[in-house]
Number of protein chains: 2
Amino acid sequence: MTAPRAHRAAPDHTHPDHVPLLAALSALADPVRLGLVRELAGSADWERTCGSFDVPVGKAALSHHFATLRAAGLVEQRDAGPRRLNRLRRAEFDARFPGLLDLVLRPDPDPGLEPEA
Amino acid sequence: MTAPRAHRAAPDHTHPDHVPLLAALSALADPVRLGLVRELAGSADWERTCGSFDVPVGKAALSHHFATLRAAGLVEQRDAGPRRLNRLRRAEFDARFPGLLDLVLRPDPDPGLEPEA
DNA sequence: CTTGCTGTTCAATGAAAAGCGAACACCGAT
DNA sequence: ATCGGTGTTCGCTTTTCATTGAACAGCAAG
């Protein structure tokens, strides 16, 4: 009781182990969320707030995307005062879907090269 | 010219090398297409016709799904008389997105286990 | 307590995609 | 030429999902 507990409602997380493959794929099959994951992977744990990401959407949409990422077991969030800190669940997610994160974080070899002239 | 050429319009394929990651993920992030890929993986090349798959959709939707799979570099199709034979582009797709097909074809360890009581 | 910042929720819109039935096109066989 | 089987294309409906603006809630500081 003496510990400083958060009065804010804790976000509901889903552990990667309980995430269906389809949910994982769906979560990653979106340009905004893909950007979030990649950007998050470039930072240390708990170093990024939700608003610190460079995405072309408003706060509302952003909040929804983070909820999706939590439900897919990709992101863990912790409250720190008014802001919410994020962490990529690298090891856990990779244990559940080996190689998937590696694939997503690997630089795209040839996204849209023209076939031929 | 003496060779028996197909008068039918050949389906337009996209080589996996030219497929963006997002397109690959989107193609696989669908229950029907996921089923098609898995079922196709269980058969030898050019052994399955489009209509031979056990999916809960009509022909029209099925045709659309196959078009998506072709565009994602997952499936190659060849005309054989009135029917269209399919092949999973295992090696090529795996070279472009290492591990992704393995992941999809791996039996799901724990899709929907209840968290706790 | 009031202000300011962060993030979530609500209600609604718009766009994308999946679905179907019907019509059409192609091939092989009769 | 006609027919049966296979698959595609054409509208059209329905559903799903991303997005927004505004309202709301929590926390920190003044």
Side-chain angles (χ1 to χ4, degrees), chain A residues 3-13 20 22-37 39-40 46-72 75-87, chain B residues 3-13 20 22-37 39-40 46-72 75-87:
Chain A
R5 55 200 168 189
H7 295 173
R8 201 167 155 202
D12 30 319
H13 290 103
L22 222 139
L25 293 174
S26 300
L28 292 171
D30 176 277
V32 175
R33 288 191 290 267
L34 206 52
L36 289 175
V37 168
E39 202 167 339
L40 192 54
W46 312 122
E47 269 197 354
R48 302 292 301 266
T49 69
C50 292
S52 73
F53 290 84
D54 184 25
V55 284
V57 294
K59 317 188 289 179
L62 187 63
S63 186
H64 165 259
H65 282 304
F66 271 111
T68 301
L69 291 177
R70 283 198 311 267
V75 163
E76 188 179 2
Q77 292 186 318
R78 192 221 301 179
D79 285 340
R83 51 195 117 241
R84 191 158 277 193
L85 301 178
N86 298 281
R87 173 182 95 83
Chain B
R5 58 207 164 180
H7 296 172
R8 190 117 145 253
D12 30 319
H13 291 102
L22 223 143
L25 293 174
S26 300
L28 292 171
D30 176 278
V32 175
R33 288 190 291 265
L34 206 53
L36 290 176
V37 168
E39 201 167 337
L40 192 54
W46 312 121
E47 269 198 356
R48 302 294 300 266
T49 69
C50 292
S52 73
F53 291 84
D54 184 25
V55 285
V57 294
K59 314 189 292 176
L62 187 63
S63 186
H64 164 259
H65 282 303
F66 271 110
T68 302
L69 291 177
R70 284 198 311 266
V75 163
E76 187 179 4
Q77 292 185 319
R78 191 221 302 181
D79 286 339
R83 50 196 117 239
R84 192 158 275 193
L85 301 178
N86 298 278
R87 172 182 93 84

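Chain A is the first sequence line, chain B the second, and so forth, proteins listed ahead of strands; every chain is numbered from 1. For the numbers below, each heavy atom of this structure counts, side chains included, while hydrogens, waters and symmetry mates do not.
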Let's see if you can work this out: which of [options] has an atom nearest to the side-chain heavy atoms of [X]?
| X | options | result |
| --- | --- | --- |
| A/Asp30 | D/dA18, C/dC20, D/dA23 | D/dA18 |
| B/Arg33 | D/dT19, C/dA18, D/dT8 | C/dA18 |
| A/Val57 | D/dT20, D/dT8, C/dT6 | D/dT20 |
| A/Pro82 | D/dA18, D/dT8, D/dA28 | D/dA28 |
| B/Ala60 | D/dG21, D/dA23, C/dA22 | C/dA22 |

Atom [atom1] of [X] to atom [atom2] of [N]: distance rounded to whole Å?
| X | N | atom1 | atom2 | answer |
| --- | --- | --- | --- | --- |
| A/Arg48 | C/dG7 | CZ | C1' | 16 Å |
| B/His64 | C/dA16 | NE2 | P | 13 Å |
| A/Leu36 | C/dG7 | CG | P | 12 Å |
| B/Asp79 | D/dG5 | CG | P | 20 Å |
| A/Leu62 | D/dT20 | CG | C1' | 13 Å |
| B/Phe66 | D/dT6 | CZ | C1' | 12 Å |
| B/Leu22 | D/dC17 | CG | C1' | 15 Å |
| A/Asp12 | C/dT8 | CG | P | 11 Å |

Report yes if at least one side-chain N or O of [X] is closer than 4.0 Å to OP1 or OP2 of [N]; otherwise report no.
| X | N | result |
| --- | --- | --- |
| A/His65 | D/dT19 | yes |
| B/Arg84 | D/dT8 | yes |
| B/Arg83 | C/dC26 | no |

Salt-bridge contact A/Arg87-A/Glu47 (side-chain N to carboxylate O under 4.0 Å):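 No, A/Arg87 and A/Glu47 are not salt-bridged.
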Earlier contact from the 5' end, DNA chain D, for B/Thr49 and A/Ser26: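 Here B/Thr49 is the residue nearer the 5' end.
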Run the numbers on A/His65 and A/Asp30 for side chain to side chain contact (heavy atoms under 4.5 Å, CB included), then give the verdict. CA-CA 9 Å; A/His65 282 304; A/Asp30 176 277; 3.7 Å; yes
If you look at every heavy atom in B/Cys50 and B/Asn86, which pair is closest and at what distance?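 Scanning both residues completely, I find the closest heavy atoms to be N-ND2, 3.4 Å.
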Could you go step by step and tell me if A/Leu36 and A/Leu62 meet the side chain to side chain contact (heavy atoms under 4.5 Å, CB included) rule? CA-CA 9 Å; A/Leu36 289 175; A/Leu62 187 63; 4.0 Å; yes
Donor + acceptor pair across side chains of A/Arg70, A/His13 (<3.5 Å):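 No - no donor-acceptor pair under 3.5 Å links their side chains.
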